[in-house]
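Have a look at the structure below, then the notes.
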Amino acid sequence: MQDLMSDAAVRVRWLVRLRWIELAGMAAMMLLANRVLDNALPVAWLALTFILIAVYNVLMWSLTGGRTGIEPSEARLRALMRLQLVLDLLALTVVLHFAGGLENPLSAYYVVLVAISSIQVPKREALLYALLATLFWAAMVIFEGWGLLPHHNLVGFRLPVRYKEPLHILAEVIVVGTASFAVAHVCSSVAERLRNSERQLYEANTACELRAGQLAEANASCELRAGELASLNARLRELDQDRAFFIRLVTHELRAPVAAIQSYLRLILDGYVPEERTLEIVTKAEQRARDQLDLIGDLLDLAHIQQAKRECVEEPCDILQSLGDVLDLERAHADSKRLTVHLDVPAAISRVPLNAEHVKQVWTNLISNAIKYTPEDGEITVALSETADVVRGAVRDTGIGIAPEEIDRVFESFYRTERAKAMSRQGTGLGLSIVAGIVGHYGGRIWVESTVGEGSTFSFELPKCPPTD
Amino acid sequence: MARILVVDDDPDFVEATRLVLEKAGYEVLSAADGDAGLRMVRAEKPDLVILDVIMKTVLDGLYVSQELANDPDCNPIPILMVTSIANSDYAALFPTDEYIHIRGFISKPIAPAALLERVAALLK
């Protein structure tokens, strides 16, 4: 509950509660004194004063929201607090007036009231209350001493002469005044220091909370960033996989040869090539131009496969016939490397529902690869067989082979194994992907088995034509 | 004279770059892929690295630049990244030099005068 109340409200209500205790204490003390001093006090006046104080306290309790529970504004609470502090001084003065004035030792309670106010208000205001307490007390005792106010003598406690002695009055005023100022100074200093450290604690706490908030925010934004990075990464990976072909094609493979040729020509034109090396550089440029032509041819083949429709095959293809044609073309190449080509084929085989050009392309790419990557004096075996549903072809060589870590990638576009690149600079890296594209397009499958240094076997299966009636 | 490492899997590009740089008096080293390039940077500490983006993999060159950024010995060596994609539609797919540890992009084919100008500026 206290947490929900403002600081001012807490202090004002504390003053109200304290006043009840003061009131009760003072009433008890007066009753005791009256008994001890044989009814020397003007009980009626005192009772009236106490009742007024009680009424005023109830009023304060009500004004500060004690009855309704509704808390007044901060400014109003502060004004009420100041009013109470002044009224308390006045009330004490009135009580003391009716209880013997100068003769009553309860004048020490001025100091108590000043102390109470000093812990509530700033130092300058506290000193003002000390001055006010001194003035009230001085006015009362001086007026009584001069006879401007009636004096109620505490019969049997003090002689009824003292209150008229100017020196005595002066001493009493000085004692209450200096004590009040001293207490106001000390209490408000201590209270101010306490309030400062409380504020510093609060500020440090707030700063901590703010910092914690900022950290949490930073953390959240880090997580967000990490999420962004992860998705960016995933996107890059996706791009790397799905679009690597196009990126490589458009940005690298197609441009690189032209860029190389242009660079060489530019260098010759700008005089960066020494005359004795010009022929060498032009030869390199010419080779790149040929590479580019090969690449363009392969790309057109790939495009052709992708556009071809199975339904368009007008006539089933004799895959054996096609093999013979390709072997005739490749024979010279094989002979130049003294390669022996074995055939392991039946006399006739079922036709396959493929475009004849595509079948030729499959044989050409597999056989020319076998020739290219088999060292001189090696062997190549081409086999053909059939089952009830498929025709199976295989091209086996005794070539360089494919490392296990690369074998899954040989059908990727533009992929060339390290050993292939070391053996021959020429190669677009598209030949096997064209073959895989054709076989896949017609619902067949292709695979490779290989041992590094011993050779490779590329096998494929193609569905046969459905039996005709 | 300053030593320059050219990392590119295209031997013709390496050759062309070498012709230009050697004519200008630079010493030229070369490596054909990212891994070899990293090894050579660490061993030779060249004054400048000219690095291709797409080599073994599409991002091989970017990987090399990250590795060099994380290596305190190699971090100060300036990197000039070469790409044939800088002025294509695909350039947007690649991070810009704001995020990667390179000092600039140049594109293929290389204009000799422009290359020498960039190299001289980075070696200053």
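Quick note on labels: first sequence line is chain A, next is B, and so on, each numbered from 1. Source: prediction; values computed, not measured.
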Exercise. Taking B/Pro112, B/Ala111, B/Pro11 one by one, which has the highest count of heavy-atom pairs under 4.5 Å against chain A?
Worked result: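 Heavy-atom pairs under 4.5 Å are most numerous for B/Pro112.
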
Exercise. Of the backbone (N, CA, C, O) and the side chain (C-beta and beyond), which part of B/Leu116 lies under 4.5 Å from a heavy atom of chain A, both, or neither?
Worked result: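 Just the side chain, heavy atoms under 4.5 Å.
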
Exercise. For chain B, which residues from residues 281-289 of chain A have at least one heavy atom closer than 4.5 Å to it?
Worked result: A/Ile281, A/Lys284, A/Arg288

Exercise. Within residues 260-276 of chain A, which positions have a heavy-atom distance to chain B below 4.5 Å?
Worked result: A/Ala260, A/Gln262, A/Ser263, A/Tyr264, A/Arg266, A/Leu267, A/Asp270, A/Gly271, A/Tyr272, A/Val273, A/Pro274

Exercise. For atom CD of B/Glu117, is the number of surrounding heavy atoms from other residues, nucleotides or ligands below 6.0 Å larger than 12?
Worked result: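 Check fails, neighbour count at 12 or below.
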
Exercise. CZ/A/Arg277 to CD/B/Glu15 distance, rounded to the nearest 0.5 angstrom?
Worked result: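 Rounded to the nearest 0.5 Å, the CZ-CD separation comes out at 4.5 Å.
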
